[in-house]
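Only one structure is covered here, and it is reproduced in the block below.
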Amino acid sequence: MAFENKFIQQRIEKAQLLKDAGFNPYSNESKRNTTIEKYLNVNSDIEDKEDKRDENRHYCVSGRIKLLRIMGKASFAKIEDESGMLQVYIARDNLPEDFYNTIFKKNIEVGDIIEVSGYPFVTGKGELSLHATELKLLTKAIAPLPEKFHGVTDKEIRYRKRYLDLIMNAEVRKTFKTRSKVISLTRRFFEDKGFLEVETPMMHPIAGGANAKPFVTHHNALGIDRFLRIAPELYLKRLIVGGFEAVFEINRNFRNEGMDATHNPEFTSIEFYWAYKTYKDLIEITKEYFQYLFEHLNLPSLLPYGDMEVNFDNFVEIPLIESLTTIGGVPAEVVNDKEKIVEFLKSKNLTVKPGMNLGQLQGELFDEYVEEKLIDPTFITEYPVEISPLARRSDDNPDITERFELFIAGREIANAFSELNDPVDQYERFKGQVDAKDAGDDEAHEMDEDFIDALSYGMAPTAGQGIGIDRLVMLLTNEHSIRDVLLFPAMKPIHNEEKITQEEE
RNA sequence: GUCUUGUUAGCUCAGCUGGUAGAGCACGUCACUUUUAAUGAUGUGGCCGAUGGUUCGAAUCCAUCACAGGACACCA
């Protein structure tokens, strides 16, 4: 039953008392004429005045009451709007007869949203405040706020009731503002470079463009299943075929896989595709992109992340095979020999799936021995062709691709390559994926004949890249769980025992 | 998916090897016209996550379930 909590009952009664006294507890007649931040800025000169006040100035601010100190015939309240926090001084004798005692003291409390008019002054303790001459309730909060000092720290409550988390924790609001800025800066960066923002389908007939298990939904009108997209790649490349030369999309992908500190079933990425460029150009634009972000977010190039320090003046570039020996410490005679890698991994008590090819085994070695050691931004290049089904082969060595992944603070941030535009090679690689799928790899690609068809018309030489926005934001805000950079992270529904019993009866 | 830790008042947390609940904040009442987590006095508030079991007796021990955190696996 809703509203059964005794505190809520008590506050509903207060709202009723206000109505009875002729005060609308949910008034929408707001006269606010400034924000708290502006108020504090504009009136910062008050403390230099002789009597530390200016009764000729008049402002009206609104906000939620976060703290309330009632001291007999006068009170202090801290109210907060999106821009900041302001102390308000409310004295009985400055308000209409009886309003202070019967309305304010009895029926207005922490959590309520009020509007206060008055003039600026500085208190004896030196805090610029607002001296109230008028006070009005805008919204009665019938649920009490969490404890004023500790706030709400329970992660389950914070994620399920993000609004409460946002009310109580200013640093959480800051993180999400930074997230918003990152997305907006990203958009501006690519637009300024002449990229065209596009939207491609979220529901795909074939889930392609990545190795992942898709969510399935059903389209009744057509009587067919649809897959929520796992990546926009194949559609964006169709647009390059169509003649757009630089496109990007910032949007959600969906993967039906496990959840943990770095994985949410829906996550945001930017993918961009750039005709007549190669992965080498992508390395350059990536460096430029980070520089742009750091400049506009005012971040230090020596960025702290947990107990690490990431040096963004030190971008490193190293081929994957080389990284296995120089960074991973894997013996040189092992890294290019399938049997020796299997032997090596087994000797380290690591499980090796049967039937893995050389490229996959090298990928295993990389994940096991190199990835977590890549703290400063590192472009790992020259990926084996077996684990890069959509990337162009190197002209010098058909076993490797013109690809890189960017790692920062031990985590993959971006994946990029010169795109495979040979339709026959792409067809063969899809077939290889289909064989892998038939052999039990349920994350292997499916054959996408329509995409082959598109490539058949000719896709200009193109380079494309994907950047995980959530992980990027984690890095830039020093957050260590993806849930802390998602406003509403995926949560299991709360099991309602009562409801279930009723349904069973 | 596996392992592990947790779940006690609206919130933050105590509660020892079993004897049916405590604090602070919040809330109610009273006092207080410059406070800073205001203060002082006083009071209300709980099916101890759910269901079973062991026991004379369970917040406490055991089992199952639910949800969450962390780690691992898979992946981005």
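Residue numbering restarts at 1 for every chain, and letters A, B, ... go by the order of the sequence lines. Quantities reported herein were computed from a predicted structural model and do not represent experimental measurements. Both backbone and side-chain heavy atoms feed into the values below; hydrogens, waters and symmetry mates do not.
If you check every strand for non-hydrogen atoms under 4.0 Å, A/F121 touches a base. Looking at heavy-atom distances under 4.0 Å, A/I70 makes contact with a base. The residue A/T123 sits close to a base: some heavy atom pair falls under 4.0 Å. In this structure, A/R53 reaches the bases: a heavy-atom distance under 4.0 Å links it to at least one base atom across the strands shown. Counting any heavy atom pair closer than 4.0 Å across all strands shown, A/M168 reaches no nucleic acid atom. Residue-level contact check: A/G466 touches neither bases nor backbone, having no heavy atom under 4.0 Å from any strand. Residue-level contact check: A/I157 touches the backbone only, with heavy atoms under 4.0 Å from sugar-phosphate atoms and none from bases. Residue-level contact check: A/N253 touches neither bases nor backbone, having no heavy atom under 4.0 Å from any strand. When heavy atoms are screened at a 4.0 angstrom cut-off, A/K161 is found touching no nucleic acid atom at all. Among the protein residues, A/N264 comes within range of the nucleic acid bases, having at least one heavy atom under 4.0 Å from a base atom. Nucleic acid contact class of A/G124 (heavy atoms, under 4.0 Å, all strands): base. Within 4.0 Å (heavy atoms only), A/R411 reaches no atom of the nucleic acid at all. Nucleic acid contact class of A/D470 (heavy atoms, under 4.0 Å, all strands): none.
Taking the side chain of A/K155 as heavy atoms from C-beta on, and the options B/G70, B/A26, B/U36, the nearest nucleotide is B/G70. Side-chain proximity of A/K78 to the nucleotides B/A76, B/G69, B/U36 is greatest for B/U36. Side chain of A/E147, nearest nucleotide from B/C11, B/C27, B/G45: B/C11. Candidate nucleotides B/A71, B/A38, B/G28 were compared by shortest atom distance to the side chain of A/Q10, and B/G28 ranks first. Here B/A37 is the nucleotide among B/A37, B/U35, B/G28 with the atom lying nearest to any side-chain atom of A/F149. Nearest to the side-chain atoms of A/I482 among the listed nucleotides B/A76, B/A38, B/G70 stands B/A76. Closest to the A/K14 side chain, of the nucleotides B/C11, B/G28, B/A38, is B/G28. Side-chain proximity of A/M71 to the nucleotides B/A71, B/G10, B/C32 is greatest for B/C32. In the set B/A37, B/G45, B/U29, B/G45 carries the atom at the smallest distance from any side-chain atom of A/K6.
Note on A/T153: a side-chain N or O is less than 4.0 Å away from OP1 or OP2 of B/C13. Contact annotation: A/K125 reaches the phosphate of B/U35 (side-chain N/O to OP1 or OP2, under 4.0 Å). OP1 or OP2 of B/U29 sits under 4.0 Å from a side-chain N or O of A/K106. At the phosphate of B/A38, OP1 or OP2 sits under 4.0 Å from a side-chain N or O atom of A/R69. Neither OP1 nor OP2 of B/G10 sits under 4.0 Å from any side-chain N or O of A/R11. The side chain of A/K492 places no N or O atom within less than 4.0 Å of a non-bridging phosphate oxygen (OP1 or OP2) of B/G69. Contact annotation: A/K105 side-chain N/O to B/C27 OP1/OP2 distance is not under 4.0 Å.
Between the CE atom of A/M259 and the C1' atom of B/A73 there is a distance of 16 Å, given to the nearest Å. Separating the CD1 atom of A/I65 from the P atom of B/U36 is a distance of 19 Å, rounded to the nearest angstrom.
Aromatic ring centres of A/Y235 and A/Y273: separated by at least 6.0 Å. Taking the six-membered ring for Trp and the full ring otherwise, A/F121 and A/Y89 have centroids separated by under 6.0 Å. Here the two rings, on A/F248 and A/W274, have centers that are 6.0 Å apart or farther. You'll find the ring centres of A/F23 and A/F99 inside the 6.0 Å limit.
For B/C72, its base never sits under 3.5 Å from the side chain of A/D260 at any donor and acceptor pair. For B/U7, its base never sits under 3.5 Å from the side chain of A/E156 at any donor and acceptor pair.
Nearest-nucleotide assignment on RNA chain B puts the 5′-proximal partner with A/D154, out of A/D154 and A/H131.
When the salt bridge (charged side-chain N to carboxylate O under 4.0 Å, His left out) test is applied to A/R162, the partners found at least two apart in sequence or on another chain are A/D165.
Both tests pass for A/R403 against the ring of A/Y383: distance under 6.0 Å to the centre and angle within 45° of the axis.
Residue A/F267 and nucleotide B/A76 are classified as a stacked aromatic pair, their ring centres being separated by less than 5.5 Å at an interplanar angle below 30°.
When the P atom is used for both B/A50 and B/A73, the distance is 35 Å, rounded to whole Å.
A donor atom on one side chain and an acceptor atom on the other are not found under 3.5 Å apart for A/H58 and A/N56. A donor atom on one side chain and an acceptor atom on the other are found under 3.5 Å apart for A/Y305 and A/R411.
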- Just do the salt bridge (charged side-chain N to carboxylate O under 4.0 Å, His left out) check on A/D484 and A/R158 with the steps written out, would you? CA-CA 9 Å; A/D484 291 319; A/R158 290 186 43 221; 3.7 Å; yes
- Message: What verdict does the ring pair (Phe, Tyr, Trp, His ring centres under 6.0 Å) test give for A/F488 and A/Y163, after you've listed the backbone C-alpha separation in whole Å, the side-chain angles of each residue and the deciding distance to 0.1 Å?
- Response: CA-CA 10 Å; A/F488 300 98; A/Y163 49 89; 8.2 Å; no
- Dot-bracket for RNA chain B, please, read 5' to 3', with Watson-Crick or G-U wobble pairs under 3.5 Å on both distances, ( ) within the strand, [ ] crossing, | other strand, . unpaired. (((((((..((((.....[..)))).(((((.......))))).....(((((..]....))))))))))))....
